[in-house]
Number of protein chains: 2
Amino acid sequence: MADLVYQRVISALQQQINQGKFADLKLPNERVLAEEFNVSRSSVKKALNSLIQRGMIFQKQGAGTFINPLYLKNRPMYNISGDNVGVTDMYQKDGQHPDIQVLGFKVLPAKPEIQEALFLEPGEFVYEIQRLRAFDDQPFMIEDGFVPVKLVPDLTEKMIAGSLYNYLQESRNIFVTRSFLTISADVSNKQDQKLLKLKPVEPVGVMEGIFFTDRGTPIEFSHMRLHYKFMRYNTFTALN
Amino acid sequence: MADLVYQRVISALQQQINQGKFADLKLPNERVLAEEFNVSRSSVKKALNSLIQRGMIFQKQGAGTFINPLYLKNRPMYNISGDNVGVTDMYQKDGQHPDIQVLGFKVLPAKPEIQEALFLEPGEFVYEIQRLRAFDDQPFMIEDGFVPVKLVPDLTEKMIAGSLYNYLQESRNIFVTRSFLTISADVSNKQDQKLLKLKPVEPVGVMEGIFFTDRGTPIEFSHMRLHYKFMRYNTFTALN
DNA sequence: TAGTGGTCTAGACCACCGA
DNA sequence: CGGTGGTCTAGACCACTAG
């Protein structure tokens, strides 16, 4: 895992930042970091770039590398940003994983929409996995996911009652590290209201999209409806 | 603008992709591209990386570089992804810019929350800019933005009735190219319902965050409430 | 003007995919 | 096995910021 040079640098910097080592919010310059870690400046740049993507730091040409003060504060209860590991840690609350209730689990031929999203041939089968996630007694997400059978032929109901991605990671060495999501909002329907404990006027957040493994293979198409108070998506966008 | 090597490569590839040059969705390999464009492989990698960030393409080790078929389809009416230029083009519909109605425009001392978000000293002044954006007769966004006076001392009401970012770009050579946003949903309030023509049960999408210039300077803190049907945020996330 | 990030090159070796 | 992306290095020069 950490046998890559730039990964080592990422981890080290992340730790140092979280420990508050850089009180003035300024990191050493790239050349110094390269020497400290005994790596090339390119590798330092690659590592810093990763932290920039996450919104942890930002750079200013001619001035230096700085910690984003907002990053340290903006840690919502249930967020999606994947601090370090993978999408595994998408939904967390103080490091605690949510409870999962399985609402439905079956195998069916992929509908055209799903076929396309997951790059499947007509007639290929997918699991449909319907789950409800909750923290303590507050449900916050209804999830309707589709996973190609051929990618995980041995999936069982027990496995999906836990974290599917954790299973893939630990038992199969498949890491889910990319996603392509569309985020929107919607009026809640009867089912939403019942499952998420919502009043009729209260809306849901909707997230829909595809998750990819670190090898670029699409592994899940998912449609998620979230309690509006618990949807909080942070993005950091750098164009160009 | 396009005097950078990797920018040249980005533009060229983007054009070729949109023109459908790669019918099989597969791009030439990195070494070939490097030769074609007469640049180093590193520069090709940097350009490809940019396209990956935008979700246009993805790579598979040992196999090649491929166009994301979803990218070509997922072009919502009002989206936020900034294809190429800057945040300028955030809200577009068939290349048409929205109508803007100015609801309020004044100068006031920055509140603590705003101070922090924009890295201001206590007592510094900000413009508060309240606007309503619409396409044709359908309003879709209420915007409450704060911009440091010292960054744009000569701002007038006329300028904000158009695109502020366009003005900054064309007249001041300031490019707004980064954002740090939090996306959520909320029940609509009376004002939302009136301005956005919503029924009481219909929700709003909420986007709040900071925009940065290409120099890393925070230039606007913005709170946006959107008609739920017109909020569609696409993200492509690659962890690590 | 010195410090710092931005860009760019040339080349080496590794890891993975598919035929 | 050949093709392809992934990682990594060493070094050069440019562009911007700040004192």
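Nothing here was measured: the structure is a model prediction, and the numbers come from that model.
- Rounded to whole Å, the distance from CG on Asp24(A) to P on dA18(D) is 15 Å.
- Here Ser42(A) lies in heavy-atom contact (under 4.0 Å) with a base.
- Side-chain N/O atoms of Arg31(B) and base N/O atoms of dG3(D) include no donor-acceptor pair closer than 3.5 Å.
- Atom CD of Glu30(B) and atom P of dA12(C) are 18 Å apart (whole Å).
- Residue Val39(A) is the one, among Gly62(A) and Val39(A), whose nearest nucleotide of DNA chain D lies closer to the 5' end (criterion: closest heavy atom).
- Checking the phosphate oxygens (OP1, OP2) of dT9(D), a side-chain nitrogen or oxygen of Ser43(A) falls inside 4.0 Å.
- When rounded to the nearest whole Å, the span between CG of Leu4(A) and P of dG6(D) equals 12 Å.
- Leu27(B) places its CG atom 16 Å from the C1' atom of dG3(D), with the value rounded to the nearest Å.
- Note on Lys45(B): a base of the nucleic acid sits closer than 4.0 angstrom, heavy atoms only.
- Judged by closest nucleotide on DNA chain C, Lys46(B) is the one of Arg41(B) and Lys46(B) placed further toward the 5' end.
- The minimum heavy-atom distance linking Ile160(B) with Arg131(B) is given by the pair O-NH1, 2.6 Å.
- Rounding to whole angstrom units, CG of residue Asn38(B) and P of dC8(C) are separated by 13 Å.
- Nucleotide dG5(D) holds its P atom 5 Å from the CG atom of Asn29(B), rounded to whole Å.
- Closest approach of Ile67(A) and Phe58(A) over heavy atoms only: O-CE2, 4.0 Å.
- Searching all strands for a Watson-Crick or G-U wobble partner of dG19(D) with both distances below 3.5 Å returns nothing.
- Listed pair Tyr6(A) / dC8(D) fails the phosphate criterion, with no side-chain N or O lying under 4.0 Å from OP1 or OP2.
- In this structure the side chain of Ile10(B) reaches within 4.5 angstrom of the side chain of Gln7(B), judged on heavy atoms.
- With hydrogens and angles ignored, the 3.5 Å screen pairs a side-chain donor or acceptor of Tyr127(A) with a backbone N or O of Val152(A).
- Atom P of nucleotide dT7(D) and atom CD of Gln7(A) are separated by 8 Å, given to the nearest angstrom.
- In this entry the distance linking CD of Gln59(A) with C1' of dC16(D) reads 13 Å, nearest Å.
- Two residues are said to be in side-chain contact when any heavy atoms from C-beta on lie closer than 4.5 Å; Glu128(B) and Asp144(B) meet this criterion.
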